[in-house]
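Working notes for the structure below.
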Protein chains: 2
Amino acid sequence: MGTTQPETVPEPKYWHLKTVLSEALDRDFAVGEVLPNERELAARFGVARATLRQALEQLELEGRLQRRRGVGTTVAPPRVGVAVGGARQGWPGEGADGWEAVDAAEALPPAAVVGLLGDAAEQPVHTVRRTRVTHGQSVAAELLYVPTDSVPGLSAIDAPAGPARARAVLRELQRLTLEGQDRSVELGSARADDAKELDRLPGAPVLVVTTRYFTAAGTAAVSVATYRADTCRLTFGDSGVEIAHEDRAAS
Amino acid sequence: MGTTQPETVPEPKYWHLKTVLSEALDRDFAVGEVLPNERELAARFGVARATLRQALEQLELEGRLQRRRGVGTTVAPPRVGVAVGGARQGWPGEGADGWEAVDAAEALPPAAVVGLLGDAAEQPVHTVRRTRVTHGQSVAAELLYVPTDSVPGLSAIDAPAGPARARAVLRELQRLTLEGQDRSVELGSARADDAKELDRLPGAPVLVVTTRYFTAAGTAAVSVATYRADTCRLTFGDSGVEIAHEDRAAS
DNA sequence: CAGTGGTCTAGACCACCCG
DNA sequence: GGGTGGTCTAGACCACTGG
């Protein structure tokens, strides 16, 4: 004796906890319902609060929970599908797609964007801020970078600051002929400014969608849009058919 | 006196730490280089290890670090761009796209997939496992669900288990006429089996790409592919131009 | 104000990797 | 083995929300 069972590797407590909680959510809770607070949940499961939090964090990452300081933890609604446009689309701001221009300014682009714009030399760009609202909640914050020489028709002090100026830049952009675009999606964490716009804490997980817009003259604009990863599912419909997620695909 | 400066809200330590580390990485470390271990880093910055770990976690999430138990923390190479095919593409397995068939079996699909397949009634599906390798590292694990009546030419015991059988299913699928497809991307956490395939711990962040393949008869197949979120940038190039990320777009 | 989640600590033990 | 990151604990205090 002395030897116990072969004992498969012990599953971490937080992982097991997550599973248990996940099943409890499916079974006993409705969307929007408030969970018991963390201290009580931890006590109920006989673990430290930090361990319980590790499980909650995972569930929030998967979009099943929503936690707000001072309020509590609630059961999240299913993720909303936001169309990002897979096939040839159009300039930003064309059509009513939920985007709202917020502001615009002229500045030098950050290093990360310079590479995407192609030409090595730093040239000033119009920086347009937009926000995307779907189903009453803001799901994305975007920074659009438009080199000033892409839109020569726009003099620097053409419009006053604010939404009007942002829309002016978009209007000029739409006068150009769009030759193509490409997109990439990656995981990031929200910068402080984006986090504020998205009503999340800094560092919250976001899906970063980077889009380059091409004209015959080269890259005319670059858009960096950050979507709330907890509440959004990005859709790239080539067929126009909406995906009807009845359940969650992620584990 | 007695009153200090207005004192903007104190930045969390881990957030500040993350910034400091991030700059240090850019300045003093090369890709692949090993960082000092967590206990020493924590001591050096005068914080508890848990706090230091919170900063490292963020940096790993952003693809800047790579941590492996028993080995250490190393500076991660830039994310690899993996083409996911934005425009009309083709059946899975057409062309050499880095996917490798692993195995296949016949079973009832999970509830989450039933909804995507359209017809309410549960029908048996071929479940094909594939793995995607790019630049020598496995970046994605896929489960492809093909209803048995989508590929009537394939009798149940047509091929022995293993890669051969998986390829047989794909071959049958490719005989059909693809009418369209749509895709969605969302954040998830790796299930135990996917994690193993991706050489990560369970719960690691992944980008879940769900694709539906349509024929005139309806949804002929559903693919759920999980990509390593730490090392991958999904590209949807409509123009065929590769995005050359010289720097990181995420904060 | 009381109650919530968010941050932080100082310690412990475990699972894994490699020489 | 010795060293790494991964898990877990039992506390403490802080920042925010709401009545």
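Since the structure is predicted, the reported quantities are computational estimates derived from the model, not experimental observations. In what follows, every chain begins at residue 1, and chains take the letters A, B, ... in the order their sequences are listed.
At a cut-off of 3.5 angstrom, the base of C:dG3 holds no donor-acceptor pair with the side chain of A:R69. For C:dG6, the base has a donor-acceptor partner in the side chain of A:R49 [N/O atoms by modelled type, under 3.5 angstrom].
Put simply, A:Y14 has no side-chain N or O that comes within less than 4.0 Å of OP1 or OP2 on D:dC8. Here A:N37 reaches the OP1 or OP2 of C:dT4: one of its side-chain N or O atoms lies under 4.0 Å away. Residue B:T73 has no polar side-chain atom (N or O) positioned under 4.0 Å from OP1 or OP2 of D:dT4. Close to C:dC16, at under 4.0 Å from its OP1 or OP2, lies no side-chain N or O of B:R68. At least one side-chain nitrogen or oxygen of B:T51 sits closer than 4.0 Å to the OP1 or OP2 atom of C:dT9.
Among the heavy atoms of the strands, none lies under 4.0 Å from B:L56. In this structure, A:R53 reaches the bases: a heavy-atom distance under 4.0 Å links it to at least one base atom across the strands shown.
For the pairing with A:D194, the salt bridge (Lys or Arg N to Asp or Glu O under 4.0 Å) check across A:R132, A:R228, A:R200, A:R129 returns one residue only, A:R129.
Residue order along DNA chain D, read from the 5' end via each residue's closest nucleotide, puts B:V71 first among B:V71 and B:P202. Comparing B:R39 and B:A50 by the nucleotide of DNA chain C whose heavy atom lies nearest to each, the residue mapping closer to the 5' end is B:A50. Mapping A:G70 and A:K13 onto DNA chain D by nearest heavy atom places A:K13 closer to the 5' end of the strand.
If you take CD of A:Q54 and C1' of C:dG6, they are 15 Å apart, rounded to a whole angstrom. Following rounding to the nearest Å, A:Q66 (CD) and C:dG5 (P) show an atom-to-atom distance of 13 Å. B:E38 places its CD atom 16 Å from the P atom of C:dA10, with the value rounded to the nearest Å. The CG-C1' distance, from A:L17 to D:dT9, rounds to 14 Å in whole Å. Regarding B:E57, its CD atom lies at a distance of 11 Å from the C1' atom of D:dG5, rounded to whole Å. Residue A:E11 contributes atom CD, which lies 14 Å from atom P of C:dA15 at whole-angstrom precision. The distance between atom CG of A:L201 and atom C1' of D:dC16, rounded to the nearest whole Å, is 10 Å. In this structure, A:L52 places its CG atom 14 Å from C1' of D:dA10, rounding to the nearest Å.
Using modelled atom types, one finds a donor on one side chain and an acceptor on the other under 3.5 Å when comparing B:E142 with B:S223.
A salt bridge links B:R44 to B:E40: at least one charged side-chain nitrogen sits closer than 4.0 Å to a carboxylate oxygen. Taking the charged nitrogens against the carboxylate oxygens, A:K196 and A:D193 have no contact shorter than 4.0 Å, which rules out a salt bridge. Between B:R64 and B:D26 there is a salt bridge, with a side-chain nitrogen of the basic residue lying less than 4.0 Å from a carboxylate oxygen of the acidic one.
Residue B:E100 places its CD atom among 12 or fewer non-hydrogen atoms of other residues, nucleotides or ligands, all under 6.0 Å distant.
Listed by residue number, the members of residues 40-47 of chain B with any heavy atom below 4.0 angstrom from DNA chain D form an empty set.
Between the side chain of A:R183 and the backbone N or O of A:V84, at least one donor-acceptor pair lies under 3.5 Å.
A parallel orientation is assigned to the rings of A:F236 and B:F236, their planes being inclined by less than 30° (bins at 30° and 60°).
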